[in-house]
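From a predicted model like this one, the values you see are computed outputs, not experimental measurements. Computed from heavy atoms alone, side chains included, the values below leave out hydrogens, waters and symmetry copies. Note that ligands are numbered from 1 as they come in the structure, with each ligand's atoms numbered from 1 the same way. When a residue number appears, it is its place in the shown sequence, counting from 1.
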Amino acid sequence: MDPKTMVLVILMFVFGIGVEGGGGLRYNFYENSCPQLENIVRAGLLPIFLTDPTLPASLLRLMFHDCQVQGCDASILVDPVEDRNLTSEMATEKNFGIRRREIISMLKTMVEAACPKQVSCADILVLAAREAVAISGGPQIKIPLGRRDSSVPPSYELADALIPPATAGVDNMLHIFTSKGMTTKESVAIMGAHTLGVTHCLNILKRLYDHEGDKDQGMEPRFEAFLKLNCPKGSLTSNSSFVLNDPTTLIFDNQYYMNAMEGRGLLRIDAEMVMNTQTARIMERFATDQDAFFRAFSTAFVKLSTSGVLIEDQGVIRKSCNVID
Ligand code: HEM
Ligand SMILES: *[C@@H]1O[C@H](CO)[C@@H](O)[C@H](O)[C@H]1NC(C)=O
Ligand SMILES: *[C@@H]1O[C@H](CO)[C@@H](O)[C@H](O)[C@H]1NC(C)=O
């Protein structure tokens with residue numbers, strides 16, 4: 001081995017860059033230890049989805065907010081414990097609207113029954129998000145597995161610092177995703193997750209009534225009137241009332257991009273991507289080419305869900321997803 005290759009191999013070792021990619025994760029990770037895993041997750045979600053079609057949105061956002069704080073390690077699932085002075089990532093207002101965390105615990109129980117002590121909550125969470133996309137009409141995404149769960153107490157401070165605020169703009173967004181190895185195109189594609197789900201009025205009140213330079217974002221006047229009607233200023237119910245992220249909120253499609261192009265972007269980031277020179281052409285492309293969106297979303301999803309994760313002897317496989325023992 002020549003010295004240059006030697007240095008490269010040592011660097012790859014030090015930084016944990018495996019030949020499989022995804023830093024030591026593998027597509028066939030549970031091939032022997034839990035071959036039924038993906039079927040269990042899919043079959044477990046189906047009946048819940050049939051009674052609550054908003055489930056996919058909740059799982060997809062849950063994945064982002066878990067992975068955004070020190071990699072996907074199921075830290076968002078850990079409940080606070082008063083007498084141990086243990087906080088929860090859920091305590092930050094950035095996690096307002098995060099729901100259905102208990103679904104992952106339910107899936108974990110089903111997985112434990114079939115393959116005890118083999119599968120991390122972190123992998124189950126990412127698999128659930130992957131199913132969420134597929135079940136609502138989006139792409140079928142293959143994801144590498146082998147993540148481990150965090151074993152240290154969750155940090156409210158880290159969650160508060162790392163999850164973007166509802167007022168985030170394009171530069172902030174690109175910084176977050178390009179630092180996970182995404183291209184600009186993939187960064188715009190991962191935001192297409194906003195094709196699902198809802199936004200509570202609380203999160204758009206600033207944009208609607210307290211413009212702070214947000215005024216010239218080209219919001220279509222009838223859309224603005226509609227939002228103001230549904231989210232009145234000073235309302236006591238802003239924490240419970242919500243508007244749809246796009247008109248086909250239960251379907252994973254490229255409607256989000258079409259909407260944004262028409263001045264119907266709901267959050268600042270949704271609207272600003274149409275105006276920003278780095279992202280505008282990509283928005284246009286995804287609005288007219290759903291396959292291009294699906295392809296870029298799929299690779300972006302893998303990057304988001306593999307970046308900075310715990311592997312091998314790092315972390316643990318928790319017994320219960322909501323408890324660190
Ligand atoms: C800069 C980036 C982002 C910002 C500022 C942002 C902000 C938000 C906000 C404020 C909401 C409304 C929450 C509520 O009021 O209940 C929301 C909802 C949502 N976000 Fe994002 N988001 C970002 C990126 C992402 C990414 C990368 C994903 C997934 C891959 C995602 C998936 C979702 C989903 C599915 C919902 C709907 C949740 C539900 O219906 O329960 N978001 N986002
Ligand atoms: C809990 O932790 C916080 C922050 O570290 C500290 O200020 C507080 O005194 C602690 N409370 C108890 C009961 O240990
Ligand atoms: C609404 O949610 C925000 C953010 O979590 C919280 O600070 C506030 O107290 C809530 N307001 C009401 C009326 O529940």
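- Distances shorter than 2.8 Å separate atom 21 (Fe) of ligand 1 from the protein N/O/S atoms His194 NE2.
- Among all non-hydrogen protein atoms, the one lying nearest atom 10 (C) of ligand 3 is Asn239 ND2, 2.4 Å.
- For atom 40 (O) of ligand 1, the nearest non-hydrogen atom from the set Thr54, Val198, Ile163 comes from Val198.
- In summary, the side chains of Asp253 and Thr248 do present a donor paired with an acceptor at a separation below 3.5 Å, with no hydrogens or angles considered.
- Between Phe293 and Tyr256, the distance from one ring center to the other does not fall under 6.0 angstrom.
- At under 3.5 Å, not a single nitrogen or oxygen of Glu93, backbone or side chain, sits near a nitrogen or oxygen of ligand 3.
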Please step through salt bridge (charged side-chain N to carboxylate O under 4.0 Å, His left out) for the pair Glu224 and Arg222, ending with a clear verdict. CA-CA 5 Å; Glu224 181 167 356; Arg222 274 170 308 168; over 6 Å; no

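- Residue pairs meeting the ring-ring contact (aromatic ring centres under 6.0 Å, His included) criterion with at least one partner in residues 89-120, sequence neighbours excluded, are Phe96-His200.
- Here ring-ring contact (aromatic ring centres under 6.0 Å, His included) pairs that include residues 54-83, with residues two or more places apart or in two chains, are Phe64-Phe177.
- When hydrophobic side chains of Ile, Leu, Val, Met, Phe, Trp and Tyr are connected at separations under 4.5 Å, Val81 ends up clustered with Val78, Leu86, Ile324.
- Looking only at heavy atoms of the protein, atom 39 (C) of ligand 1 is closest to Arg99 NH2, 3.4 Å.
- Contact check on Arg26 versus Glu31 returns no salt bridge, with no Lys/Arg side-chain nitrogen under 4.0 Å from an Asp/Glu carboxylate oxygen.
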